[in-house]
Number of protein chains: 2
Amino acid sequence: MNVENALDILKDEGYKFTSKRRDIIQLFVEEDRYLTAKDLLLNMEPHYKGISFDTIYRNLHLFHELGILESTELNGEKHFRLKCNHEHHHHFICRNCGITKEIEHCPMEKINNELKHYMVEDHKFEIYGVCPTCQ
Amino acid sequence: MNVENALDILKDEGYKFTSKRRDIIQLFVEEDRYLTAKDLLLNMEPHYKGISFDTIYRNLHLFHELGILESTELNGEKHFRLKCNHEHHHHFICRNCGITKEIEHCPMEKINNELKHYMVEDHKFEIYGVCPTCQ
DNA sequence: AAATTATATCGTAATGATTCCGATTTGTAA
DNA sequence: TTACAAATCGGAATCATTACGATATAATTT
């Protein structure tokens, strides 16, 4: 997923191009890690004085719906990162900077027979800690 | 973990016995599933008119610290349940009622070599869906 | 290029979960 | 039973998030 991909998705779905949207996506591409709404606001404010929370949250949710971003919840705050659009995997997540490392193993493969009669809708496997850079 | 166990832990650590604390623990023992602060409040209000949020939250966190409860975060709300104090495992969690089913397999066993140089502090493996009763 | 229209944004208020705090009450130990 | 620390109350404060009317702007049409 790069900036052009994401903007094409927006265009194809009939959403308008704005420089704020471009910059939000660009930030995610550059940072390549989990960011919060507040992170975004702090990054955008210098270039767009008075930018509204509404704009940030509305676009985060839009991008999430359109499959441009994926999200997780850490310490009561939603975090977003660019969607990994290759094969299914999980993440180690650095609690300090939000950077991720892919974990190829998916535990769901091992347990399908344990949940007969249960309707399985989703699963989450995340490893938390500190990345080498932040140590 | 039963009511006596939990009250003993409180006593041993020098905390006072109150009927509210007994009833909170009793509720968790009876329900044996994930509950929110609001669930607790609704359950307690009929017997303790005017019970304060402060009391609920303070005790939930105390019980969590003391290892009486474990917690997870679902839809931006903290959920608590009695701590399972036998061997390490994970849970299927019903999104409707909060009931859990144990999953014996722990994915961490498979991946210790993938995270050289990463400081691993914690992990979460949860499966979400609807339990047979709620379907 | 100007007019039109639907979408995006702003500014700010509302909401919901959680935390904080001074005043009061209540277990527990002496 | 008294004394004191801990627990609770009542309500305000905080933090993340959502909502909304008014205004601005991108894209489309004339």
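Bear in mind the structure is a predicted one, so any value in this text is a computation, not a measurement. Residue numbers begin at 1 in each chain, while the letters A, B, ... track the order of the sequences. Just the heavy atoms: all of them, side chains too, but no hydrogens, waters or symmetry mates, feed the values below.
Atom NZ of Lys49(B) and atom P of dC9(D) are 11 Å apart (whole Å).
Taking every side-chain heavy atom of Thr55(B) into account, dT8(D) is the closest of dT8(D), dT18(D), dT18(C). With dA16(D), dT18(C), dG10(D) as the choices, the nucleotide that has an atom nearest any side-chain atom of Glu77(A) turns out to be dA16(D). Distance from the side chain of Ala37(B) is smallest to dT18(C) among dC9(D), dG11(C), dT18(C).
Against DNA chain D, the stretch residues 11-29 of chain B makes heavy-atom approaches under 4.0 Å through Tyr15(B), Lys16(B), Thr18(B), Lys20(B), Arg21(B). Shown for residues 58-75 of chain B: residues whose heavy atoms fall under 4.0 angstrom of DNA chain C, namely His61(B).
Under the 4.5 Å side-chain criterion, counting only non-hydrogen atoms from C-beta, Lys11(A) is not in contact with Phe17(A).
Using a 4.0 Å cut-off, no side-chain N or O of Tyr57(A) falls inside it from OP1 or OP2 of dT18(D).
Within a 6.0 Å radius of CZ in Phe53(B), no more than 12 heavy atoms belonging to other residues, nucleotides or ligands are found.
In plain terms, the two heavy atoms of Cys84(B) and Glu102(B) that are nearest each other are SG-OE2, 4.5 Å.
In this structure, His91(B) and His89(B) have perpendicular ring planes: the angle between them is above 60°, well past the 30° mark.
For the pair Gly76(B) and Asp54(B), both in contact range of DNA chain C, the more 5′-proximal nearest nucleotide belongs to Gly76(B).
Taking the six-membered ring where the residue is Trp, the centroids of His123(A) and His88(A) are separated by under 6.0 Å.
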